[in-house]
Protein chains: 2
Amino acid sequence: MAVSKKEEFTQEEIWLADVAKSLSHPARIKILKMLNEMNSCMVGSLVDKLPLAQATVSQHLKELKRVGLIDGEIDGPKVCYCVNTKALAKAKSALDKLFNKIGCC
Amino acid sequence: MAVSKKEEFTQEEIWLADVAKSLSHPARIKILKMLNEMNSCMVGSLVDKLPLAQATVSQHLKELKRVGLIDGEIDGPKVCYCVNTKALAKAKSALDKLFNKIGCC
DNA sequence: TTTCTCTATCGTATATTTACGATGAACGAT
DNA sequence: ATCGTTCATCGTAAATATACGATAGAGAAA
């Protein structure tokens, strides 16, 4: 694009769009589910169960971390990721609010 | 990207990611709000209130229409867009389900 | 029919995303 | 100290997204 116009919107709109962006790839949706389902949340376990290279998974994790939906904790040579419940609740509430506001034609 | 790997996920994951993608730009968030707030939903009215060129707004509307969140109805030389309540409800329910499933670390 | 208005689409430029292999940094184990 | 494991980051290629001006088409209005 020539120049991004994203600054011209409200902070709420920008933030919500950003959260939506972090959910806009099936791998990231799946990662969030897996982080909750699996007992382990090591990156390696995720890579094993995704049809993506390690570097790509790491990139997706970075995007989820960027918006705060997950946290990563260093555990020796490994890294354990987990869902940030608080951020998730905030996102859910904001999306609910949006959907309720929209409603009808 | 070299090759998209999006087909390697479930239909549900792909669809949900697609809905999220359609919400991943503040202009589209704002458009959805405006379609509900304004009595008129002509494209021109949207263009007037957005910091974007007409062609760009048209492109954003196309993206929202692609995933079914809005419908466009031709009204003489104008086009009246409105939110698709059913699609919106489906999206909200799927997102709720996802968020509830994820929950905690 | 000519003109005006409204909107979609085309063409194009630039930015961002997605993907991967290769490399590097951190740490545990030998 | 060296080696193997784990993961992030770099470099890079290709696909997509964002933005705009220009144009085309459809219909109202003159």
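Just so it is clear: chains get the letters A, B, ... in the order the sequence lines come, proteins before strands, and each one is counted from 1.
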Separation of [N] [atom2] from [X] [atom1] (nearest whole Å):
{"X": "Ile31(A)", "N": "dA19(C)", "atom1": "CD1", "atom2": "P", "value": "10 Å"}
{"X": "Leu52(B)", "N": "dA17(D)", "atom1": "CG", "atom2": "P", "value": "17 Å"}
{"X": "Glu73(A)", "N": "dC27(C)", "atom1": "CD", "atom2": "P", "value": "14 Å"}
{"X": "Arg66(A)", "N": "dT18(C)", "atom1": "CZ", "atom2": "P", "value": "10 Å"}

Residues from residues 23-30 of chain A sitting under 4.0 Å of DNA chain C, heavy atoms only? His25(A), Arg28(A)
Write out all pairs satisfying salt bridge (charged side-chain N to carboxylate O under 4.0 Å, His left out) with one or both partners inside residues 71-89 of chain A, taking only residues at least two apart or from two chains.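 Passing the test, one end in residues 71-89 of chain A: no pairs.
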For Ile74(A), answer base if it contacts any base atom (sugar-phosphate contacts may also be present), sugar-phosphate if it contacts only those atoms, and nothing otherwise; contact means non-hydrogen atoms under 4.0 Å. nothing
Strictly under 3.5 Å: I want the nitrogen or oxygen pairs between protein and nucleotides 4-11 of chain C, one per line.
residue : atom : partner  : partner atom : Å
dT7(C)  : OP1  : Val43(B) : N            : 3.2
dT7(C)  : OP1  : Val79(B) : N            : 3.3
dT7(C)  : OP2  : Gly44(B) : N            : 2.7
dA8(C)  : OP1  : Tyr81(B) : OH           : 2.4
dA8(C)  : OP2  : Ser58(B) : OG           : 2.6
dA8(C)  : N7   : Gln54(B) : NE2          : 2.8
dA8(C)  : N6   : Gln54(B) : OE1          : 3.1

Who are the side-chain contact (heavy atoms from CB on, under 4.5 Å) partners of [X], not counting sequence neighbours?
{"X": "Ala55(A)", "answer": "none"}
{"X": "Pro51(A)", "answer": "Glu8(B), Phe9(B)"}
{"X": "Glu63(B)", "answer": "Lys21(B), Ser22(B), Arg28(B), Arg66(B)"}
{"X": "Ala20(A)", "answer": "Leu23(B), Ser24(B)"}

Who passes salt bridge (charged side-chain N to carboxylate O under 4.0 Å, His left out) against Asp96(B), sequence neighbours left out? Lys92(A), Lys92(B)
Within the pair His60(A) and dT17(C), is there a side-chain N or O less than 4.0 Å away from OP1 or OP2? no
I want to check one thing: is the phosphate of dA17(D), taken as OP1 and OP2, less than 4.0 Å away from some side-chain N or O of Lys21(B)? yes
How close do Met34(B) and Leu50(B) get, heavy atom to heavy atom, and via which atoms?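 The answer is SD-CD2, 4.1 Å.
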If the condition is side-chain hydrogen bond (donor to acceptor under 3.5 Å, both in side chains), which residues does Lys33(B) pass it with, not counting sequence neighbours?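 Scan of Lys33(B) (side-chain hydrogen bond (donor to acceptor under 3.5 Å, both in side chains), adjacent residues dropped) gives Glu13(A).
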